[in-house]
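In what follows, chains are A, B, ... by sequence order, proteins preceding strands, each numbered from 1. These values consider heavy atoms only, across backbone and side chains, with no hydrogens, waters or symmetry-generated copies.
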Amino acid sequence: MNHWLIKSEPDVFSIRDLAKAKRKTTHWEGVRNYQARNFLRAMQVGDRALYYHSNATPSAVAGIVEIVRTAYPDPTAWDKTSDYHDQRASPENPVWSMVDVQLVEIFQREIPLDELRTVKALAGMELLRRGSRLSVQPVTAAQFRTIETLSHAKIRP
DNA sequence: GCCAACGTTGGC
DNA sequence: GCCAACGTTGGC
């Protein structure tokens with residue numbers, strides 16, 4: 001099982017929106033970066049991902065989701081009315097992929113970015129790299145566990 | 001709203 | 001293949 005981190009702007013689709021969705025599941029559409037797409041394609045059913053709120057106050061890891069369907073064509077790519085429309089895409093040549101994710105847990109306590117930066121065990125995280133903007137990225141099992149544990153801590157460190 | 005860092009595009 | 005111009009991401 002692999003671990004991941006996926007970003008969403010809460011103004012667009014927050015983890016609470018996911019909690020309200022049918023079966024607490026959504027299509028992870030709109031990824032338009034090749035590196036991120038390739039990580040989507042590497043996801044397996046049962047993999048877990050940290051749900052990160054970007055462009056938020058504060059930006060933070062907000063919870064955990066599980067991959068419940070592996071990558072398949074993202075139809076918003078050839079939908080002219082979609083914000084995610086891409087000229088090059090068509091049903092015959094989808095170009096972009098999405099997976100389905102299901103809510104596992106909303107953290108009792110979100111872990112803000114500035115706190116993540118203080119945790120030694122997380123020093124190698126892609127998210128924390130200067131200038132990093134990758135919206136789908138792998139995390140190690142140890143990094144995943146560290147963040148999960150922080151979210152359950154009763155007292156702020 | 002600003003702007004640094006990044007990815008993509010397209011001229012050459 | 002280089003690289004300048006451009007558009008986007010995302011922290012602040």
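Among the atoms of the strands shown, none is found under 4.0 Å from any heavy atom of A:R37.
Defined by atom type and a distance below 3.5 Å, a donor-acceptor pair is missing between the side-chain atoms of A:Y84 and A:D79. Side-chain N/O atoms of A:E105 and A:H152 include a donor and acceptor closer than 3.5 Å.
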B/S/- contact track for nucleotides 4-12 of chain C, protein heavy atom under 4.0 Å: ---BBBBBS
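Considering CE of A:M43 and CD of A:E66, their distance stands at 12.0 Å, rounded to 0.5 Å.
Through direct or indirect side-chain contacts shorter than 4.5 Å among Ile, Leu, Val, Met, Phe, Trp and Tyr, A:V95 is connected to A:Y34, A:W96.
Mapping A:R129 and A:R88 onto DNA chain B via the closest heavy atom, the residue that lands nearer the 5' end is A:R129.
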Check against side chain to side chain contact (heavy atoms under 4.5 Å, CB included), A:L122 and A:E115: CA-CA 10 Å; A:L122 302 177; A:E115 181 176 336; over 6 Å; no
